[in-house]
There are 2 protein chains.
Amino acid sequence: MEKKQDSLYVSTLARGLQILRAFDESHISLSLAELVARTGLERSAVQRMAHTLHLEGMLDRDEKTRRFRPSHAWLELAYAYYWSDPLIARALPKLIEFSRAMGETVNLAQISGDHILYSLRLPNQRTHFEASIVGRRVPALNTASGRVIMATWPEHEMREACATWPLRQGTPKTLLDRDKILQGIETAREDGYCLTRDQMLLNEISLAVPVIGKDGPAQAAVQVSLSGVSFDEEQVIRKVLPVLLDSAAGILG
Amino acid sequence: MEKKQDSLYVSTLARGLQILRAFDESHISLSLAELVARTGLERSAVQRMAHTLHLEGMLDRDEKTRRFRPSHAWLELAYAYYWSDPLIARALPKLIEFSRAMGETVNLAQISGDHILYSLRLPNQRTHFEASIVGRRVPALNTASGRVIMATWPEHEMREACATWPLRQGTPKTLLDRDKILQGIETAREDGYCLTRDQMLLNEISLAVPVIGKDGPAQAAVQVSLSGVSFDEEQVIRKVLPVLLDSAAGILG
DNA sequence: ATTTTAAGTATCACTATTTGATACTAAGAG
DNA sequence: CTCTTAGTATCAAATAGTGATACTTAAAAT
């Protein structure tokens, strides 16, 4: 049913949410005019929504510049999310153990639509900011995590996702050939892990293994991010993979 | 101006936000009836808000149990917050360095109203879940972070906060005597750091130093969480404090 | 197994909230 | 200094959202 014909749909609330979604990594503070431009909403509607979000504590407002910015309430929502997702509490101790043992950045990635979303990050190296903070979404097909999760899915479901899900070029070396990506997923299916390099960040080796519970196809993976300058792939397989497999097995096993 | 007399205030949006705020560490999934109870809103209003939040991707809905739960979108908001707060990008490399050097849990805490909010956490030890995830708010007066931040404020402002801000009993040993808390803040002012133990968690030593920029009074602190079983206070001061001071100094210096 | 109660869903008449337009003010650009 | 843009405040109109309620489904009690 079209939203506008859905009598339960509250368009005013939806507009308020549009304001929140206008902020991202490239829009860290926004004026009313910029919010109008980014949401397409009418100017007085934006004025009312922003004003209300500010009063309700969702947006901070700089009195001098009159620009809005996300408030601490956005992290409070993350806190509530963390409690609500049982995988988080199960994974965190395992990621901490891994981090202590290996001294490398380790993440929990989860399928989110046709992307993967990083829900936990334990950074160990100074790297790109976007690779150190939670909440980032990346096309699943472009990541070791996405591929290794999909490797656990039924053939039909995996092939359809492989054929239709979006791709994004992260580096000049990002693989965009769907046949080759499919091959990589099939290899991951055989190996039980997926290793990629230079896909989202140059000189990044990414190793992922699926988090498998009793109910079959994975929806999450644990993933290590390593410097391609400090490691080669053979070393990663020999030294890091066994520990990562152990970590993943301990989450839902 | 009372909200209801504020012609720019959008009560429908505010109701939607009330639904979001109903989820917390004790309410990880909620039925419609529970949302009604927790928000005080009328049942059909809750039905419409929850329905719209679900369609807009803010809430997941279990088709079997018909319960709602926070979605990945809540972490996406955290991602946007992280980009918008310049302190995060400045602090993260320093916290990573500290974490690698000391192997202990280190956090970034920020003043948020009359509480402190943990905006970054680099866990190193397996500890209580709520002490390992971002977004938690704790009364500022009850924490080493809050006290050491307030120690940098003008006398009047610090004394007023000390007299009026809320307290919460975290352990049987939590200090609730405002005079003694004031003494602790004054000691922190002299020492340049604040050390507490057993305030929010038993057997936890908490050491905090303020993050001071060019514009005077601090709004943030870096804080280490250590086991009181493994360390005594003298060791913490001798071994950990110098590194922590160095980390804090490197953030805005 | 049956009955009762509670929760969820769908619909409705009504009105108050929200809308988009616009006048006015303030700030920024030229 | 003038013009343009952005922000603010107000308004009449209308429609979106309201709270009540009937109906359906699920859970709890007997």
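Letters A, B, ... are given to chains in the order of the sequence lines, protein chains preceding strands, and every chain is numbered from 1.
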Criterion side chain to side chain contact (heavy atoms under 4.5 Å, CB included) against S225(A), the qualifying member of R121(A), H128(A), E204(A): E204(A)
Sugar-phosphate only, base, or nothing, as touched by V10(B) at under 4.0 Å among non-hydrogen atoms: sugar-phosphate
Touch class at under 4.0 angstrom, heavy-atom based, for S11(A) against every strand present: sugar-phosphate
Options dT8(D), dA10(C), dG19(D), nucleotide nearest the side-chain atoms of R15(B): dG19(D)
Side chain of L8(B) - closest among dA10(C), dA9(D), dT17(C): dA9(D)
Pair W74(B) + Y82(A): ring centers closer than 6.0 Å: no
Heavy-atom donor-acceptor pair, R43(A) side-chain to dG7(D) base, under 3.5 Å: yes
Base dG17(D) to side chain T12(B), donor-acceptor N/O within 3.5 Å cut-off: no
Length of the CD-P vector between E42(B) and dT21(D), whole Å: 10 Å
Atom pair distance, as rounded to whole Å: OH in Y9(B) and C1' in dA16(C): 15 Å
Closest nucleotide among dG7(D), dA7(C), dT11(C) to the S7(A) side chain: dT11(C)
Pairwise 5' ranking along DNA chain C for K64(A) and R48(A), keeping only the more 5' one: R48(A)
Side chain R66(B) and base dT9(C) donor-acceptor under 3.5 Å: no
